[in-house]
Amino acid sequence: MKVFGILVLCGLSLCAQSLERARALWRAHDYDGANNEFRALVKANPKNAAYRVEWGRLFFERFNPAEAANLYNEALGIDPRNAQAYLGLAEVYADEFSAKADQAAEKALEIDPKLYHAHEILARIALEDDDTKKAASEADAALAIEPAALDAIAVHASIDLLKDKASDWVARIGNRGKGFETIAHFFVINRRYDEGIEYYRKAIAATPDLWSAHSQLGVNLMRLGNQEEATKELQLAYDNHFRDAATANYLTLIDSEKNYDTFTSPTSVLRLNKKEADALKPYFEAEIARAMATYEKKYGFQMDKAVQVEAYPNHGDLLVRTLGLPDEAGILGVTFNNVISMDSPSGRPPGSFHWASTLWHEMSHVYVLTMTNERVPRWFTEGLAVHEETATSPDWGDRLSPEIITALRDKKLLPISKIDRGFVHPTYPGQVIVSYYQAGKICDYIAQRWGSSKLVDMIHAFAKNEPTVDVIREQLKLEPDAFDKDFLAEIDRQTGSTVKNFADWTKKIKEVNELAKAGKTDEVIDQGRAAEAMYPDYVETGDAYSLIAEACLKKSDRKCALDQLGRYSKEGGRDAATVKKYAKLLEEDGRLKEAEAALERLNFIYPLDPDLHDRLGNLYLKTGGANLAVREFSVLNALHPIDTAGSHYNLAKAYAAAGQKNKAREEAINALEAAPDFKPAQTLLLEVSGESEK
Amino acid sequence: MAAAAQVGCGLKRLLLISLAAVIAAPAFATTYIVTIAGLGGEPDYETRFELLANDTDKILHTGPNADRSVETLQGAAATKAKLTASLNRVASEAKAQDALVLMMIGHGTFDGAEYKFNLPGPDISAAELAALLNHIPATRQLIVNMTSASGGATEALKRANRTIITATRSGAERNATVFARFWVEALRDAAADTDKNGQVTALEAFHYAQTKTAAFYTEQKHLVTEHAQIDDQQRAGTFTLVRYGSIAAETSDPAKKELIAKKEQIENQIDALKYQKSLMAPEDYRKQLTNLLVELAKTQAAIDK
């Protein structure tokens, strides 16, 4: 027994030494060493939950939340009432904006009611949800246990500052930089980047070695286009061991900046990848100008600074540029004050992305954020931006998707007073998409019932930092509950039939596709029309419109095919081959202007298709649109098509038709340089050189 | 470095021109074209392969292409026995001055040692195919193997004066290919005729299909699973697959001989000028090029009168 007792004592003492060593290595930034020590500790003490929790904290601090969560869960497997493990999980979930954070924090408090940090986490989550009452109450609960609780103080300060009120709480932060960092976080998630940057600077002034604040300062400076200072701050954080994915990714992205061309005008700055800049520039510049002119008139507001638009051909780069992380697939574009970062048309497979719709969406944000000084709830700015997409052109914007239909069927739309939560803390997969849809439909409904000018009135009301419920009451003269009731009735009117028939439609469209494969044309037309009527918004792969059109063509019924393909385009169908087929049929029928319009739609979807510009350019030549033909063939040449001689020749023809003989001559020479015996180019060269009659 | 590269490029073109003169098919030679669409394995591929074979057949029977013998095997007829019979027929008919084109559409396999073209019934190996081709007296041969793993067949098929195009770099690229789709497109798309001389050569069709295949993978954001190869670009540049015009009639018109000689002289001057491009001031090059091209155009107009 004596020997055993000595061994136990030695064992405990060794463990204590090992734990201290792990902590010392951690403090000395030797994270690998600390990790090895924890691993050895856990191996030697497989039943010790506390070691796992502390090891989990190391992982959480070193940017590996998944491994941290594993260790916390393992600790709970050993000790199901380990409050610190629940607290750790709450931190991990809160960091991911997961709805599970609440539960974990509450469980921690149930086990240990004195765990004030759990109250702080609940306070943060509530404030992220714009629930200031709960945020204040949880912060008070934390302060009741620990009067110096920094996050609780910072949450109180943030509540005041977000309402544009001076706050006594700020002084209580003192020289603790972390508190200012928390305030900055709340400004940033409310898209108030300038103020966020201001508070990150305060955090650094108070605690110069707060590297997370240096990193976030860099990230937000980068978002607003201040690349030089952003690089400095990010590099500083990185050099001081703060190497989370965002910091490292931003620094990598900055290295690739040399691959971009910048085009400036008095009102805009356009940044495009050199590889595609010449091809995209005409369309982007035209749409930027058109959107700005439209919004200026509609919102009665003129931007006093240039709007910057950046288009990234690599979707991962866009994600790094906006979030710092390359693994969030759903984002198409993001606006930070007057800076728009978006996918380039080449960033996604052709037909899957309407870049012009995204540009107009983001441009609406620029105006609304500027007009409200960023004091606008997320649902409204997103809803208005979605509304503007289809207001620009009904075939733009997103269609009613199966996941939205499912949400409608399951009555998952949120009341207007809580709709922001669907964006910030989604509780089911796809809720963010559903929230966009709902917010857009709300703005459609307001415009339809009260007129478009009411939306502008609401922008001005939000600019006064009024909460959603007050704006609804004041502007629409309705209680929020009554608004919800009316709105849901309208949504039901619009979508009720599709929602009701959705299950039948899924069977029917499968059947139609099988009939098409079997070549049963009459049945395809008959059953396809039934599927179409059930769910007219469906224009994705295997859609009824295209299948019916094919069947009609097999029966040599061009009129029927044209009708179907016209409806496909009108409903927003974006498959290039299908739209080109429609344009070809129109052209063959001599409906050239309609064919042009059909193909022009594709320029807003995938303008990097050489064949599109070839077809459209030739159509414009036929209809006398010489300048547009010049645009199309110039873009064709910028895409370096296989047929170099042919594309230069086409451009020469377009210039000749536009009366620009010198340019026509230069392009004819370019064509003949590639193919000296190209007879049509020779003839044109002689014509524009005045040699043909000699 | 840039200048050196440019000179190298120009040199290649001159070589190509001289080789074209040497290798160009003599008058009255016949080109034997055999197209075979192999086993699809599933309905989608069966349909796709048959469509490509049908399209090819249709294109080859259109236009001024009378000096050729075209045979297309597909569906149940695309067996090893039928392919063997077809190639044996060519072997019995063809002469040394004739040419052979074999286009293979479908799936292939490669086990690390042996390539096999999948056909209804027994497959045919690259070695068996090579043995059949070697019996064909036509000196100029073009094999366009567009199957998956087609790169695995190259070694076995290699022979002097035989040009080999494959859809994949090696036998290890085993996924179904899209190269065939764009190869057939090249045969019917005038844009493939990049030098605008009214005919599409094997090299032009290869570049067209290779570029479009690469664009397909880029646009669809798919991992590139095929890298088309060609073993002899110069020879492929002289292998005409389809024609659009009547070039032969123009060159044999005695009344225009003087103008044609002048035209050829200007063409040579243009080639020589392009060869010097990287060594010249851009504006000087442009001026001289313009003068020559205008002169060439005027001469051609006179020929066409």
Side-chain angles (χ1 to χ4, degrees), chain A residues 275-276 313-316 329 343 345-353 514 517-519 576 606 608-611 614 636 639-650 665-666 668-694, chain B residues 43-44 47 182 185-186 189-200 204-212 214-222 245 247 250 263-264 266-271 273-274 277 285-304:
Chain A
K275 281 194 290 189
E276 55 189 27
N314 179 354
H315 181 65
D343 273 325
S346 63
R348 289 173 178 267
S352 65
F353 172 51
E514 279 162 9
K517 268 189 188 169
Y606 192 72
L608 296 162
D609 171 11
D611 178 59
D614 195 24
L636 176 63
L639 291 169
H640 307 293
I642 295 166
D643 184 8
T644 308
S647 58
H648 280 295
Y649 167 64
N650 279 332
R665 188 165 189 263
E666 289 307 304
I669 289 164
N670 287 338
L672 290 166
E673 184 181 19
D677 294 314
F678 186 14
K679 282 191 189 175
Q682 288 179 332
T683 307
L684 182 62
L685 175 63
L686 294 180
E687 276 172 21
V688 293
S689 303
E691 299 274 1
S692 53
E693 300 87 16
K694 287 181 187 173
Chain B
D44 272 358
T47 312
F182 297 118
E185 195 178 298
D189 186 351
D193 173 21
T194 51
D195 62 3
K196 301 292 167 195
N197 66 350
Q199 48 195 2
V200 174
E204 286 174 325
F206 174 77
H207 283 319
Y208 181 98
Q210 186 189 39
T211 306
K212 290 237 168 176
F216 170 84
Y217 283 98
T218 306
E219 285 174 3
Q220 297 302 321
K221 311 284 170 207
H222 290 166
I247 295 162
E250 176 190 292
K263 179 188 163 191
E264 282 172 1
I266 300 168
E267 284 171 344
N268 287 338
Q269 284 176 285
I270 290 170
D271 278 327
L273 181 70
K274 284 187 188 173
K277 183 178 181 180
Y285 168 79
R286 189 75 179 178
K287 193 177 168 191
Q288 289 192 39
L289 178 71
T290 303
N291 290 339
L292 285 168
L293 288 172
V294 169
E295 202 52 39
L296 181 65
K298 284 157 82 175
T299 307
Q300 183 64 55
I303 292 169
D304 291 342

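Just so we're on the same page: letters track the sequence lines, and every chain starts at 1.
With a 4.5 angstrom heavy-atom cutoff, I642(A) touches chain B via backbone and side-chain atoms both. Using a 4.5 Å cut-off between heavy atoms, Y649(A) makes no contact with chain B at all. For a residue to count as touching a neighbouring chain, one of its non-hydrogen atoms must lie under 4.5 Å from one of that chain's; by this rule N314(A) does not touch chain B. Only the side chain of E267(B) comes within less than 4.5 Å of a heavy atom of chain A; its backbone N, CA, C and O stay farther away. Interface remark: L293(B) contributes backbone and side-chain atoms alike to the contact with chain A (heavy atom separation under 4.5 Å). Using a 4.5 Å cut-off between heavy atoms, P313(A) contacts chain B through its backbone alone, with no side-chain atom that close. For Y285(B), the part sitting under 4.5 Å from any heavy atom of chain A is the side chain, from C-beta outward, and nothing else. If you measure heavy-atom distances from L296(B) to chain A, the contacts under 4.5 Å come from both the backbone and the side chain.
The side-chain hydrogen bond (donor to acceptor under 3.5 Å, both in side chains) search around S346(A) returns E276(A), S344(A), not counting sequence neighbours. For D193(B), there are no side-chain hydrogen bond (donor to acceptor under 3.5 Å, both in side chains) partners, not counting sequence neighbours.
Atoms CG and CD, on L686(A) and Q300(B) in that order, are 10.5 Å from each other to the nearest 0.5 Å. Residue F678(A) holds its CZ atom at 10.5 Å from CG of D195(B), rounded to the nearest 0.5 Å. With values rounded to the nearest 0.5 angstrom, T211(B) atom OG1 is found 12.5 Å from H640(A) atom NE2. Atom CG in L685(A) sits 8.0 Å away from atom OG1 in T290(B) (nearest 0.5 Å). Between the CD atom of E673(A) and the CD1 atom of I270(B) there is a distance of 10.0 Å, given to the nearest 0.5 Å. The CG atom of D643(A) sits 3.0 Å away from the NZ atom of K196(B) when rounded to the nearest 0.5 Å.
Considering only heavy atoms from C-beta on, K274(B) comes within 4.5 Å of P676(A) through its side chain. Two residues are said to be in side-chain contact when any heavy atoms from C-beta on lie closer than 4.5 Å; E219(B) and L608(A) fail this criterion.
Within a 6.0 Å radius of NZ in K517(A), no more than 12 heavy atoms belonging to other residues, nucleotides or ligands are found.
Contacts with chain A were tallied for H222(B), Q220(B), K221(B); K221(B) has the most, counting heavy-atom pairs under 4.5 Å. Counting heavy-atom pairs closer than 4.5 Å to chain B, the top-ranked of the candidates A645(A), P350(A), G646(A) is P350(A).
Without hydrogens or angle criteria, R286(B) side chain to I669(A) main chain gives no donor-acceptor distance under 3.5 Å.
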